[in-house]
*Asks:* 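Have a look at the structure that comes next, please.
The figures that follow rest on heavy atoms only: side chains count, while hydrogens, waters and symmetry mates do not.
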Amino acid sequence: MATTDHRKQSLYFPEDMLEEIQREATRQDRSLSWIVQQAWKVARAEIRRMPSVNDVLSAPARPAAVAATPAATATLVAAAPNPDEPKS
């Protein structure tokens with residue numbers, strides 16, 4: 001059985017997204033960490049299809065039609081070890 005690496009990592013989410021994740025974690029009686037891990041497992045194939053920043057930078061320049069909006073204020077979430085995973 002493979003050992004699980006329980007590294008801590010700070011993740012930043014827009015406030016409304018974090019609140020939605022917290023509501024879902026409460027609804028499922030799960031940790032935030034578990035919800036984010038499951039979301040990654042479901043979405044990773046789609047995310048891998050997205051171009052990398054290097055792909056975007058090497059593409060021909062396009063005229064900007066609309067200025068980019070500033071990023072939303074983010075809230076820090078410290079990822080804790082997942083209590084749902086067995087310890088090795």
*Asks:* Can you find a heavy atom in the side chain of W34 that is under 4.5 Å from one in the side chain of L32?
*Replies:* no
*Asks:* Roughly how far, to the nearest 0.5 Å, is the CD atom of Q9 from the OG atom of S33?
*Replies:* 11.5 Å
*Asks:* Kindly determine whether R23 and E20 satisfy salt bridge (Lys or Arg N to Asp or Glu O under 4.0 Å), including the steps that lead there.
*Replies:* CA-CA 5 Å; R23 283 192 304 272; E20 187 175 356; 5.0 Å; no
*Asks:* What distance separates R30 CZ from Q38 CD, expressed to the nearest 0.5 Å?
*Replies:* 7.5 Å
*Asks:* Measuring from R44:CZ to R49:CZ, what's the distance to the nearest 0.5 Å?
*Replies:* 13.0 Å
*Asks:* Let me confirm one number: the OG-CD distance from S31 to Q37, rounded to the nearest 0.5 Å.
*Replies:* 7.0 Å
*Asks:* What's the spacing between E46 CD and R48 CZ if we round to 0.5 Å?
*Replies:* 12.5 Å
*Asks:* If we count only N and O atoms by modelled type, under 3.5 Å, do the side chains of Q22 and T26 hold a donor and an acceptor together?
*Replies:* no
*Asks:* Less than 4.5 Å apart, side chain to side chain, heavy atoms only: is that true for Y12 and L18?
*Replies:* no
